[in-house]
Amino acid sequence: MTDPIDPTNTADRTAGLPIVVAVDGPAGSGKSSVSKAAARKLGWSYLDTGAAYRALSWFVVQRRLDPTDSDAVIDALPDFDYRIGTHPDTYHVFVGDHDVTDVIREPEVTAVVSAIARVPEVRAFLTGLFRAIIAHGEKRGIVVEGRDITTVVCPDAPVRILLTADEQVRMARRSAELTGHSAAHVGEALRRRDAADSRVVDFMNAADGVITVDSTDLDFDQTVDAVIAVVQKETHV
Ligand SMILES: Nc1ncnc2c1ncn2[C@@H]1O[C@H](COP(=O)(O)OP(=O)(O)O)[C@@H](O)[C@H]1O
Ligand SMILES: Nc1ccn([C@@H]2O[C@H](COP(=O)(O)OP(=O)(O)O)[C@@H](O)[C@H]2O)c(=O)n1
């Protein structure tokens, strides 16, 4: 286990901005759960960027728009009133007055998110939103996870990690949490989404300066410790 972090250590962070830990990786690699646990252990904030793509997908479906009609999706962006919490334990996701924290994880939303995520204007809009959320962070640091954080959203982050695992392991992990859906169906959907997503952003290969953490043979706690060890080595927190 790594040494306990003193979350009360509030030494002045870099002028104005929190320390950013950028974590990318494919579905089922553990990005969300491991990043959340690491943020909790560090006493820092946590930002799930996938939730925004999922919430926009939900919004598009709710408006009965065609998710593959990029013009219609772009036209809807000004009305997309998105809010998300950044506390690892109590974060909620809102679109307008709707709490969509749970519904955005449903397979119906997951099935259209890649189509939404491949629209360049959507990516630019959400990237600006992510950077605003990060800039307004109140904690000393923030763990930000997604697909393009290490390469597009925060390419200069002091800590950049590619969290990955063998496809079979990732499929098994995702299937274990999506009860009521066949493992074969969940696995195939995950493989299809990885393929679609990696045509937009390369999150399967670590860019220069990005440290790979492969959790294939690590349990959850070991993976969190591995991420914390990288953060400590790179930032001396
Ligand atoms: N190293 C690990 N060992 C075992 N289970 C893990 C590990 N990392 C993540 N998990 C579990 O796998 C599932 C998917 O993790 P999640 O964080 O949702 O992945 P992602 O956000 O990358 O899609 C969750 O149930 C999580 O608890
Ligand atoms: N920074 C990000 C985060 C998510 N996404 C898209 O949003 C989808 C859902 O992201 P997610 O992180 O919630 O998905 P999981 O990896 O948790 O299954 C991904 O499949 C991508 O299509 C993206 O394009 N860029």
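Start at 1 and go down the list; that is how both ligands and their atoms are numbered. What you see below is based on every heavy atom in this structure, not just the backbone, and it leaves out hydrogens, waters and symmetry mates. For reference, positions follow the sequence shown, starting with 1.
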Atoms in ligand 1 with a heavy atom of Gly30 nearer than 4.0 Å: 8 (N), 9 (C), 15 (O), 16 (P), 17 (O), 19 (O), 20 (P), 22 (O)
Parallel, tilted or perpendicular, as decided by the 30° and 60° cut-offs, for the rings of Tyr46 and Tyr91: perpendicular
Numbered atoms and elements of ligand 1 in range of Thr223, under 4.0 angstrom, heavy atoms: 1 (N)
His92 and Phe94 aromatic ring geometry - parallel, tilted or perpendicular at 30°/60° bounds: tilted
Nitrogen or oxygen atoms of Asp48 and ligand 2 under 3.5 Å apart: no
Whether Arg160 side chain and Ala22 backbone form a donor-acceptor pair below 3.5 Å: no
Residue part near ligand 1, for Glu177, under 4.0 Å between non-hydrogen atoms: side chain
Heavy-atom nearest neighbour of atom 23 (C) of ligand 2 within options Tyr53, Phe203, Phe130: Tyr53
Taking atom 10 (N) of ligand 1 as the reference point, the nearest protein heavy atom with its distance: Arg173 CD, 3.9 Å
Nearest-contact summary for atom 18 (O) of ligand 1 - protein heavy atom, Å: Arg174 NH2, 3.2 Å
Pairwise distance CG(Asp75) to CD(Glu121) - rounded to 0.5 angstrom: 10.0 Å
Lys41 and Asp225 ion-paired at < 4.0 Å: yes
Side chains of Thr49 and Ile149 in contact at under 4.5 Å (non-hydrogen atoms): yes
Enumerated ligand 2 atoms positioned under 4.0 Å from heavy atoms of Arg105: 13 (O)
Identity and distance of the protein heavy atom lying nearest atom 14 (O) of ligand 2: Arg193 NH1, 3.2 Å
Closest approach of any protein heavy atom to atom 13 (O) of ligand 2, naming residue and atom: Arg54 NE, 2.7 Å
Path from Leu77 to Trp58 over hydrophobic side-chain contacts below 4.5 Å: yes
Nitrogen or oxygen atoms of Ser32 and ligand 1 under 3.5 Å apart: yes
Pro26 touching ligand 1 at heavy-atom level, < 4.0 angstrom: yes
Selection from Ala51, Gly50, Ala22 by shortest heavy-atom distance to atom 10 (O) of ligand 2: Gly50
Interfacing atoms of ligand 1 (cut-off 4.0 Å, heavy-atom, Ala27): 23 (O)
Protein contact to atom 1 (N) of ligand 2 [nearest heavy atom, distance to 0.1 Å]: Asp148 OD1, 2.9 Å
Atom indices of ligand 1, in the order listed, that fall short of 4.0 Å to a heavy atom of Asp219: 1 (N), 2 (C), 3 (N)
Any N or O of Glu145 closer than 3.5 Å to N or O of ligand 2: no
Cluster link Phe125 to Val200, ILVMFWY, side chain under 4.5 Å: no
side-chain hydrogen bond (donor to acceptor under 3.5 Å, both in side chains), paired with Glu145, selected from Ser35, Ser29, Ser32: Ser32
Residue part near ligand 2, for Ala27, under 4.0 Å between non-hydrogen atoms: both
CA sep, side-chain torsions, deciding dist, call: Asp194, Arg174, salt bridge (Lys or Arg N to Asp or Glu O under 4.0 Å): CA-CA 13 Å; Asp194 278 346; Arg174 182 48 48 89; over 6 Å; no
Sub-3.5 Å N/O-N/O distance, Val34 and ligand 1: no
Proximal ligand 1 atoms for Ser33, defined as those under 4.0 Å from one of its heavy atoms: 9 (C), 15 (O), 16 (P), 17 (O), 26 (C), 27 (O)
Joint cluster assignment, Val73 & Ile104, ILVMFWY side-chain distance < 4.5 Å: yes
Sub-4.0 Å atoms of ligand 2 with respect to non-hydrogen atoms of Val113: 7 (O), 8 (C)
Val201 and Arg123, any side-chain heavy atoms less than 4.5 Å apart: yes
Protein residue, atom and distance nearest to atom 19 (C) of ligand 2, heavy-atom basis: Asp197 OD2, 3.3 Å
Under-4.0 Å heavy-atom contact with ligand 2, by part of Arg147 that carries it: both
ILVMFWY network linking Met204 to Ile161, side-chain heavy atoms under 4.5 angstrom: no
For atom 18 (O) of ligand 2, the option (of Lys31, Arg174, Arg170, Arg123) bearing the nearest heavy atom: Arg174
Any side-chain donor near an acceptor of the partner, Arg54 and Thr110, under 3.5 Å: yes
Cluster overlap Val93 with Phe130, hydrophobic side-chain contacts below 4.5 Å: yes
Close approach, Gly25 and ligand 1, non-hydrogen under 4.0 angstrom: no
Closest protein heavy atom (residue, atom, distance) for atom 3 (C) of ligand 2: Thr49 OG1, 3.4 Å
